[in-house]
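Input: a single structure, listed below in structure tokens.
Every value quoted in this text rests on a predicted model; they were computed, and no experiment measured them.
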Amino acid sequence: MEPTRDCPLFGGAFSAILPMGAIDVSDLRPVPDNQEVFCHPVTDQSLIVELLELQAHVRGEAAARYHFEDVGGVQGARAVHVESVQPLSLENLALRGRCQEAWVLSGKQQIAKENQQDVTLHQALLRLPQYQTDLLLTFNQPPPDNRSSLGPENLSPAPWSLGDFEQLVTSLTLHDPNIFGPQ
């Protein structure tokens with residue numbers, strides 16, 4: 001993929017700029033309809049965009065923590081640890097006119113896989129109450145020793161950075177609000 005190309009998501013209802021070399025996981029295995037999942041061609045890194053039901057019972061920083069802990073529960077994490085939660089400036093988002101609040105969270109989850117250490121997760125929560133939707137974007141970064149070999153003879157793309165994730169989050173654009181159903 002071209003590094004600056006807007007890639008359609010959810011059948012073209014959204015688009016976003018994905019990092020160089022992102023592989024659409026739905027080409028490899030089934031992915032739930034409410035998710036778009038991309039993996040790095042060499043590392044075990046992944047990017048996930050999820051359309052979730054608005055969790056109106058939690059607000060602000062607590063909403064970001066709620067979704068982080070929920071993901072940990074779904075993945076069977078033995079432990080979850082939030083390192084930071086910060087508000088995300090709406091002015092920087094392509095969704096600024098539709099997003100009521102936005103949060104970015106960084107943390108670690110100990111996933112129950114063979115010899116797996118803590119996985120670092122960066123999440124952005126974009127709240128769209130007018131559509132009864134929480135948009136959750138996740139950047140999974142496994143420990144370096146769990147990544148595939150990146151030898152000098154290998155011309156593979158470099159691992160994704162936090163900047164790649166930020167570009168995904170800020171470039172996410174809604175083209176067709178009908179994806180949320182009748183309003």
At what distance, to the nearest 0.5 angstrom, does [atom1] of [X] lie from [atom2] of [Y]?
X	Y	atom1	atom2	answer
Leu125	Cys99	CG	SG	8.0 Å
His175	Asp6	NE2	CG	6.0 Å
Leu174	Tyr131	CG	OH	5.5 Å
Asp33	Ser26	CG	OG	10.5 Å
Leu126	Trp103	CG	CH2	12.5 Å
Phe165	Thr138	CZ	OG1	6.5 Å

Show every salt bridge (charged side-chain N to carboxylate O under 4.0 Å, His left out) that has at least one partner inside [range], sequence neighbours left out.
range	answer
residues 86-100	none
residues 12-21	none
residues 120-138	Glu101-Arg127, Arg127-Asp134

Looking at [X] and [Y], would you say the former's side chain and the latter's main chain have a donor-acceptor pair under 3.5 Å?
X	Y	result
Thr43	Pro159	no
Glu83	Lys108	no
Gln109	Phe68	yes
Asn34	Leu51	yes

[X] vs [Y] side-chain heavy atoms within contact, under 4.5 Å:
X	Y	answer
Leu54	Thr133	no
Val25	Phe38	no
Leu95	Leu135	yes
Trp160	Leu47	yes
Phe180	Leu128	yes
Leu105	His67	no
Cys7	Ile17	no

Using residues 55-62 as the side-chain source, report each donor-acceptor pair under 3.5 Å to any protein atom, sequence neighbours left out, with the distance given to one decimal.
residue : atom : partner : partner atom : Å
Gln55   : OE1  : Tyr66   : OH           : 3.4
Gln55   : NE2  : Glu53   : O            : 3.1
Glu61   : OE2  : Arg65   : NE           : 3.1
Glu61   : OE2  : Arg65   : NH2          : 3.1

Residues passing the side chain to side chain donor-acceptor pair (under 3.5 Å) test with Ser106, sequence neighbours excluded, are His122

Which atom of [X] lies closest to which atom of [Y], heavy atoms considered:
X	Y	answer
Ala102	Leu93	CB-CD1, 3.9 Å
Leu9	Ala16	CD1-CB, 3.8 Å
Pro41	Gly21	CD-O, 3.3 Å

Residues forming a side-chain contact (heavy atoms from CB on, under 4.5 Å) with Ser161, sequence neighbours excluded: Asp164

Going only through I, L, V, M, F, W and Y residues with side-chain contacts under 4.5 Å, is there a path from Leu137 to Ile48? no

